[in-house]
Protein chains: 2
Amino acid sequence: MVLSYTEENYLKALFQLTRETLEKKEAGTNELAAHLGVKPATVNDMLKKLKDKKLIDYEKYGKIKLTKAGEKSGVEVLRKHRLWETFLCVKLGFAWDEVHEVAEQLEHIQSSKLIEKLDKFLDYPEFDPHGDVIPNAKGEMKIKYKVCLSDMTPGERCMMVAVKDNSAPFLQYVISVGLGINNVIKVISRNAYDELLQIEVEGKVSSVSRKFADNIFVVCQDCMKGKKCKKGCKG
Amino acid sequence: MVLSYTEENYLKALFQLTRETLEKKEAGTNELAAHLGVKPATVNDMLKKLKDKKLIDYEKYGKIKLTKAGEKSGVEVLRKHRLWETFLCVKLGFAWDEVHEVAEQLEHIQSSKLIEKLDKFLDYPEFDPHGDVIPNAKGEMKIKYKVCLSDMTPGERCMMVAVKDNSAPFLQYVISVGLGINNVIKVISRNAYDELLQIEVEGKVSSVSRKFADNIFVVCQDCMKGKKCKKGCKG
DNA sequence: TATATTTGTTAGACTCATCTAACTTTTGTA
DNA sequence: TACAAAAGTTAGATGAGTCTAACAAATATA
Ligand SMILES: [Mn+2]
Ligand SMILES: [Mn+2]
Ligand SMILES: [Mn+2]
Ligand SMILES: [Mn+2]
């Protein structure tokens, strides 16, 4: 099926909203509009087109769900996005806070041959520069991180595995705290009033907000040691 | 200046029509329409927009000329196109007849950092897989091939340096004759009636049409030996 | 339950890039 | 030079994607 640039963006957004963060199989008009940075009226128009093309299940005033075909297209765009981000960092030497905007464009290049050759060239990477899982050629994503830095209790250690927010300002903030993928974090304390977390990373102690901690995915000490995990860090 | 995908295509086309093949500094509406695969009426609308943006010099019923700004944008798109084609062949293992369509999309990715890093990654290539000169970061193109296989006289030897037509069917035809960039061609004879050329490439003799020979750029024996050239093969 | 708030829909308008059909200007040739 | 052919332009229409403003339905809350 031939999809426009815009239709691809809608399907990718729906995939991220309804499949990736799991536990929620459907999305709403306003939610989707906010995610895409357009107005709800615009989304409403597009929902009719996507329904006509059998890419979503949707009834007036109802919730939005991807069909099998819609999910296939959505995950494919996400796969391309993350492979390109990996290419930009690993092969061209971009920093992780510079790649998202460029990958937003590259993900729409239409050539299945290209993306499979790129995957091979990168030696079939499993994670992108933000720690996000790259769907394989079949659209499968085995790991789904669920536990955030804000879920940790003082005294615990954990390892940062991914970021939820891919925006340059957030990523630069992360860097400024001395954090990166695979860094070990020790949670020192949590302020009961404003939920400020004191954390230690490679000897450096910082205070971070709840909002910040919500955007850092971590795995527990069991996961770090390769043991079975009680919390379900990997989904 | 922010240019749309379409505006970029018009500027690239004008650059190719009025700068690359030289000796002709301006283009016409129909000519441009044919090159872009749209109708003259469509071109006419766009000419007004490009004039408003000061990217072309143009008066009603007059000829079309790129301004300095228009030329800068046009050559930049061409540079991107050829760098991406080179990337696809050299790094990803595409064949030369598979890259043009994909590069038509990639040339519109907006990121000057990307293109400069790609250039470096490829080690600043001078020619793309079709032998076309890649403009440098300043938009300069030193060599301009001008002499075609059809300009050769029987008995002469020459070397294929580039192709004019980048379409897959033509490139596949070139391959079928056993020809490729840097191959030496011996012109055996030219039929006076229909201009059919008999050529020999690596021991293989073939007959090719005038149309075919017009689309193969060559350099003469002097150029092959690094001597001064009388014909002006390199522009 | 009644009402306020949130969520979602519709109507009408705009821009961009494209088309067809009809028209005008320029050019080339008899 | 006259006129036919070629080249170029205009008017009006379409479809995609977006918006604002007004409206309707669903949900939350008092
Ligand atoms: Mn990203
Ligand atoms: Mn990412
Ligand atoms: Mn090409
Ligand atoms: Mn080329």
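Residue numbers begin at 1 in each chain, while the letters A, B, ... track the order of the sequences. All values reported here derive from a predicted model rather than from experimental measurement.
- To the nearest angstrom, P of D:dA13 lies 15 Å from CG of B:Asp45.
- Only one option out of A:Glu76, A:His100, A:Gln105 pairs with A:His81 in a side chain to side chain donor-acceptor pair (under 3.5 Å); it is A:His100.
- Test A:Val99, A:Val102, A:Asp128, A:Ile115 against A:Trp84 for side-chain contact (heavy atoms from CB on, under 4.5 Å) and you get one pass: A:Ile115.
- Nucleic acid contact for B:Thr42: base, since at least one base atom lies under 4.0 Å from a heavy atom of the residue.
- One finds no salt bridge joining A:Glu20 and A:Lys25 here, because no Lys/Arg side-chain nitrogen approaches an Asp/Glu carboxylate oxygen to under 4.0 Å.
- Protein chain A contacts DNA chain C from C:dT7 to C:dT10, reading 5' to 3' and using non-hydrogen atoms of the protein with a distance under 4.0 Å.
- Look at NZ on A:Lys60: it is 16 Å from P on D:dC23, rounded to the nearest Å.
- Annotation: cation-pi geometry satisfied between A:Lys91 and A:Phe121 (NZ/CZ under 6.0 angstrom from ring centroid, within 45° of ring axis).
- Put simply, B:Tyr58 has a side-chain N or O that comes within less than 4.0 Å of OP1 or OP2 on D:dT9.
- If you run side-chain contact (heavy atoms from CB on, under 4.5 Å) between B:Glu31 and each of B:Thr18, B:Leu17, B:Ile64, B:Leu36, only B:Leu17 comes through.
- Atom OH of A:Tyr10 and atom P of D:dA16 are 14 Å apart (whole Å).
- Toward the 5′ end of DNA chain C lies the nearest nucleotide of B:Met46, the other residue of the pair B:Met46 and B:Ala41 mapping further downstream.
- Atom NZ of A:Lys49 and atom C1' of D:dT18 are 9 Å apart (whole Å).
- When the P atom of D:dA21 is taken as reference, atom NZ of A:Lys39 falls 10 Å away, rounded to whole Å.
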Contacts under 3.5 angstrom, residues 40-47 of chain B side chains, donor-acceptor by atom type, not counting sequence neighbours:
none

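- Separating the NZ atom of A:Lys63 from the C1' atom of D:dA25 is a distance of 13 Å, rounded to the nearest angstrom.
- Rounded to whole Å, the distance from CD on A:Glu59 to C1' on D:dA26 is 16 Å.
- Within the structure, a side-chain polar atom (N or O) of B:Asn30 is placed less than 4.0 Å from OP1 or OP2 of D:dG8.
- As rounded to whole Å, 11 Å separates atom C1' of D:dG17 from atom CD of A:Glu7.
- The cationic group of A:Lys117 lies under 6.0 Å from the six-membered ring centre of B:Phe94 and within 45° of the ring axis, placing it in a cation-pi geometry.
- Contact check, B:Thr29 against D:dA7: no side-chain N or O comes under 4.0 Å of OP1 or OP2.
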